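Here the structure is laid out as structure tokens; the discussion comes afterwards.
Only a predicted model underlies this, so the values are computations on that prediction, with no experimental measurement involved. We use all heavy atoms of the structure for the numbers below, so side chains are in, but hydrogens, waters and symmetry mates are not.
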Amino acid sequence: QLQLVESEGGLVQPGGSLRLSCSTSGFTLENYTIGWFRQAPGKEREGVSCLNSGGYSRNYKDSVKGRFTISRENAENTMYLQMNNLKHEDTANYYCAAGRGLKGCLGSWAAARHYEYWGQGIPVTVSS
């Protein structure tokens, strides 16, 4: 059964850190480009980060560069998003995704159409 399941979200104070995990099953993660997206209340879903199947091409939304790090552990079929120095504006539901529509995380990497498989989302709230 194909599944993507996010975990490790929650409430964190500004300046704090969280590491989101996404466990996958039903497909071979190493063959897929992976991505993290988020959707804040009243806003459209946006791409946060991308990492290609080869692990050599990655990209980030400008506002998270230097604070977030995407990674993957293919042997465990798991992807991660390390989030440091979190800000109020990072509050959103976060989604992991995987797709074979991108060879590298360039150009339109943040377009949802490139990703076939999606997790159900997990909330991250940054608040004091």
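- Connectivity analysis of hydrophobic side chains (ILVMFWY, heavy atoms under 4.5 Å, direct or indirect) links Tyr80 to nothing; its cluster partners are none.
- Screening residues 7-22 for side chain to side chain donor-acceptor pair (under 3.5 Å), with sequence neighbours left out, gives Ser17-Asn84.
- Atom-to-atom distance recorded for Thr24:OG1 and Leu29:CG is 4.5 Å, nearest 0.5 angstrom.
- Counting only distance, with no hydrogens or angles, the side chain of Asn77 and the backbone of Ser25 share no donor-acceptor pair below 3.5 Å.
- Here Leu11 is tied to no hydrophobic group at all, with no ILVMFWY side chain closer than 4.5 Å.
- Proximity of Val48 to Leu81: side-chain heavy atoms (C-beta onward) are separated by under 4.5 Å at one or more points.
- The side chain to side chain donor-acceptor pair (under 3.5 Å) test applied to Lys65 returns Asp62, not counting sequence neighbours.
- Considering all non-hydrogen atoms of both residues, Glu76 and Thr78 come closest at O-OG1, 2.8 Å.
- Residues in residues 114-123 take part in these side chain to side chain donor-acceptor pair (under 3.5 Å) pairs, two or more places apart or across chains: Glu6-Gln120, Ser108-His114.
- Shown here are the side chain to side chain contact (heavy atoms under 4.5 Å, CB included) partners of Pro14, two or more places apart in sequence or in another chain: His88, Val126, Ser128.
- At least one donor-acceptor pair under 3.5 Å links the side chain of Arg58 to the backbone N or O of Ile70.
- Inter-residue side-chain proximity for Lys87 and Arg67 is flagged as met; some heavy-atom pair is nearer than 4.5 Å.
- The side chain to side chain contact (heavy atoms under 4.5 Å, CB included) check on Leu106 picks up nothing, with sequence neighbours excluded.
- Applying the ring-ring contact (aromatic ring centres under 6.0 Å, His included) test to every pair with at least one member in residues 44-78, sequence neighbours left out, gives no pairs at all.
- Residue pairs that meet the disulfide (SG to SG under 2.5 Å) test with at least one member in residues 34-103, sequence neighbours left out, are Cys22-Cys96, Cys50-Cys105.
- The hydrophobic cluster containing Met83 does not contain Phe37, counting ILVMFWY residues as joined when their side-chain heavy atoms lie under 4.5 angstrom apart, directly or transitively.
- Between the side chain of Ser127 and the main chain of Thr125, no donor-acceptor pair closer than 3.5 Å is present.
- At least one side-chain heavy atom of Leu18 sits less than 4.5 Å from a side-chain heavy atom of Leu86.
- How far CZ of Arg72 is from CG of Leu51: 5.5 Å, rounded to the nearest 0.5 Å.
- Sorted by first and then second residue, the disulfide (SG to SG under 2.5 Å) pairs involving residues 59-89 (not counting sequence neighbours) form an empty list.
- Applying the side chain to side chain donor-acceptor pair (under 3.5 Å) test to pairs two or more places apart or on separate chains, those with a residue in residues 28-42 are Arg38-Glu46, Arg38-Asp90, Arg38-Tyr94.
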What's the verdict on side-chain contact (heavy atoms from CB on, under 4.5 Å) for Leu20 and Val124, showing C-alpha distance, side-chain angles and the deciding distance? CA-CA 9 Å; Leu20 301 182; Val124 171; 3.9 Å; yes

